[in-house]
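Accompanying notes for the structure given below.
Note: hydrogens, waters and symmetry copies are ignored here, and every other heavy atom, side chains too, is used. Naming convention: chains lettered A, B, ... in sequence-line order (proteins, then strands); numbering from 1 in each chain.
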There are 2 protein chains.
Amino acid sequence: MKFDKIIHEPARLKIMMILSGVEQADFNFLLTTLALTRGNLSRHMEKLESASYLKISKSFKGKMPNTSYQLTQKGSKALAQYWENLDAVRRLGQA
Amino acid sequence: MKFDKIIHEPARLKIMMILSGVEQADFNFLLTTLALTRGNLSRHMEKLESASYLKISKSFKGKMPNTSYQLTQKGSKALAQYWENLDAVRRLGQA
DNA sequence: GCAAATAAGTTTGCGTTGCAAACTAAAAGC
DNA sequence: GCTTTTAGTTTGCAACGCAAACTTATTTGC
């Protein structure tokens, strides 16, 4: 019943949950939705990527760079597992 | 939808959940149940107390010192709020 | 056309914190 | 009476989240 530290950070958990509900989302969408600073968001995404929980796709929208993210299968699984663990902890209350 | 950092630490969340299910629990019970080191547990309890989330009662069981903990009302409320926030994040998935 | 402002990220630096190991103090065993 | 065990507390360090500074490219104002 150990927690995944990568996911167990509020900002990253929210990011993962958002990504789990859509095909993909780009930097600005996450930025405005979550109200983080750019620096913060960047670091979180980097961390999630280094865990292979998401895939980063860089492209250009017109002439502007655009970075887009989507959950990997590994990320999906880790997220599901995370919620399971949390539910287990929640049940500690009914002891 | 901000998270309570005091509670949002796996060990402390578990502690709070356990305490929410019983009147009170002592140091050794938590120690064996959670499989933490003594030092760790001590620090977590200290932190929870300094947030007034629990009350510490020191007494003697026979001749041995015994430290016992119980959730305060403030702690109970914070814990309930914590789960509410988490549920809100969970719903981000159905976007 | 070039200087200033905006956009889209990344990198750096710092303060906080969780964790393990070392320490303390008292009781029990031999 | 000395060693071991019990019950914690304190200390030190490595990792991490966050904000601010920096980078690179683009658009806009004059």
Side-chain angles (χ1 to χ4, degrees), chain A residues 1-19 24-51 53-70 78 82 85-86 89, chain B residues 1-19 24-51 53-70 78 82 85-86 89:
Chain A
M1 213 208 291
K2 191 87 176 56
F3 278 64
D4 186 335
K5 284 283 188 190
I6 305 282
I7 298 182
H8 190 70
E9 174 62 29
R12 286 196 296 263
L13 178 58
K14 287 174 199 167
I15 290 166
M16 298 281 281
M17 288 310 287
I18 288 174
L19 287 177
Q24 42 98 261
D26 65 17
F27 192 88
N28 270 313
F29 175 74
L30 293 173
L31 190 66
T32 57
T33 304
L34 297 174
L36 295 167
T37 61
R38 291 178 210 287
N40 236 254
L41 182 54
S42 179
R43 298 259 287 160
H44 286 311
M45 295 324 256
E46 192 186 346
K47 187 143 220 173
L48 286 171
E49 192 204 15
S50 78
Y53 285 176
L54 49 82
K55 207 179 47 133
I56 302 186
S57 322
K58 281 168 183 299
S59 66
F60 282 84
K61 263 219 159 65
K63 294 191 174 168
M64 280 295 168
N66 182 269
T67 306
S68 184
Y69 309 90
Q70 56 180 306
Y82 176 79
N85 290 346
L86 215 57
V89 170
Chain B
M1 212 207 292
K2 192 86 175 55
F3 279 63
D4 187 334
K5 284 282 187 190
I6 304 282
I7 298 183
H8 190 70
E9 175 62 28
R12 286 196 296 262
L13 179 57
K14 288 174 198 165
I15 290 165
M16 297 280 282
M17 288 311 286
I18 289 174
L19 287 177
Q24 43 99 260
D26 66 19
F27 193 89
N28 270 315
F29 176 75
L30 294 172
L31 190 67
T32 58
T33 304
L34 298 173
L36 296 167
T37 61
R38 293 178 208 286
N40 235 251
L41 181 54
S42 178
R43 298 259 289 161
H44 285 312
M45 295 324 255
E46 192 186 347
K47 188 145 216 170
L48 286 172
E49 192 204 14
S50 78
Y53 285 176
L54 50 79
K55 208 178 49 131
I56 302 186
S57 322
K58 282 170 183 297
S59 64
F60 282 85
K61 263 216 159 67
K63 294 194 176 166
M64 281 295 169
N66 181 268
T67 306
S68 182
Y69 308 90
Q70 55 179 307
Y82 176 80
N85 290 345
L86 214 58
V89 170

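Note: NZ (Lys47(A)) to C1' (dG17(D)) measures 9 Å, nearest angstrom. Note: CG (Leu30(A)) to P (dG9(C)) measures 11 Å, nearest angstrom. One interatomic measurement links the two molecules: CZ of Arg12(B) to P of dT16(C), which rounds to 15 Å at whole-angstrom precision. What separates CG of Leu31(A) from P of dA8(C) is a distance of 9 Å, to the nearest Å. We find that CD1 of Ile7(B) is positioned 17 Å from C1' of dT17(C), with the value rounded to whole Å. Straight-line distance from the CZ atom of Phe3(A) to the C1' atom of dT17(C): 18 Å, rounded to whole Å. Atom-to-atom, CD of Glu9(B) to C1' of dG17(D) comes out at 13 Å; the value is rounded to the nearest Å. Atom pair Met45(A):CE and dG9(C):C1' shows a separation of 12 Å (rounding to whole Å applied).
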Can you check nucleotides 7-13 of chain D for protein contacts, nitrogen or oxygen pairs under 3.5 Å, and list what you find?
unit_1 : atom_1 : unit_2   : atom_2 : d
dA7(D) : OP1    : Asn28(B) : ND2    : 3.4
dA7(D) : OP2    : Asn28(B) : ND2    : 2.8
dG8(D) : OP1    : Thr67(B) : N      : 3.2
dG8(D) : OP1    : Thr67(B) : OG1    : 2.2
dT9(D) : OP1    : Lys58(B) : NZ     : 3.2
dT9(D) : OP2    : Ser42(B) : OG     : 2.6
dT9(D) : O4     : Gly39(B) : N      : 3.4

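Partners of Thr33(B) under the side-chain contact (heavy atoms from CB on, under 4.5 Å) rule, at least two apart in sequence or in another chain, are Ile18(B), Phe29(B). In terms of the ring pair (Phe, Tyr, Trp, His ring centres under 6.0 Å) criterion, residue partners of Phe3(A) (sequence neighbours excluded) are, by chain and number, His8(A), Tyr82(A). Residues satisfying the side chain to side chain donor-acceptor pair (under 3.5 Å) test with Ser68(B), not counting sequence neighbours, are Gln24(B). Residues passing the side chain to side chain donor-acceptor pair (under 3.5 Å) test with Asn85(A) are Gln81(A), sequence neighbours excluded.
A sub-4.0 Å separation between OP1 or OP2 of dT6(D) and a side-chain N or O of Lys61(B) is absent.
Across all strands shown, Lys5(B) has no heavy atoms under 4.0 Å from either base or sugar-phosphate atoms.
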Practice task
List the steps, then state whether side-chain contact (heavy atoms from CB on, under 4.5 Å) holds for Leu36(A) with Leu30(A).
Solution key: CA-CA 8 Å; Leu36(A) 295 167; Leu30(A) 293 173; over 6 Å; no
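With DNA chain D read from its 5' end, the first of the two nearest nucleotides for Phe60(A) and His44(A) is the one closest to His44(A).
Side-chain contact check for Phe27(A) versus Arg38(A): some heavy-atom pair is nearer than 4.5 Å.
Within the structure, salt bridge (Lys or Arg N to Asp or Glu O under 4.0 Å) contacts touching residues 3-17 of chain A (residues at least two apart or in different chains) are Lys5(A)-Glu9(B), Glu9(A)-Lys5(B).
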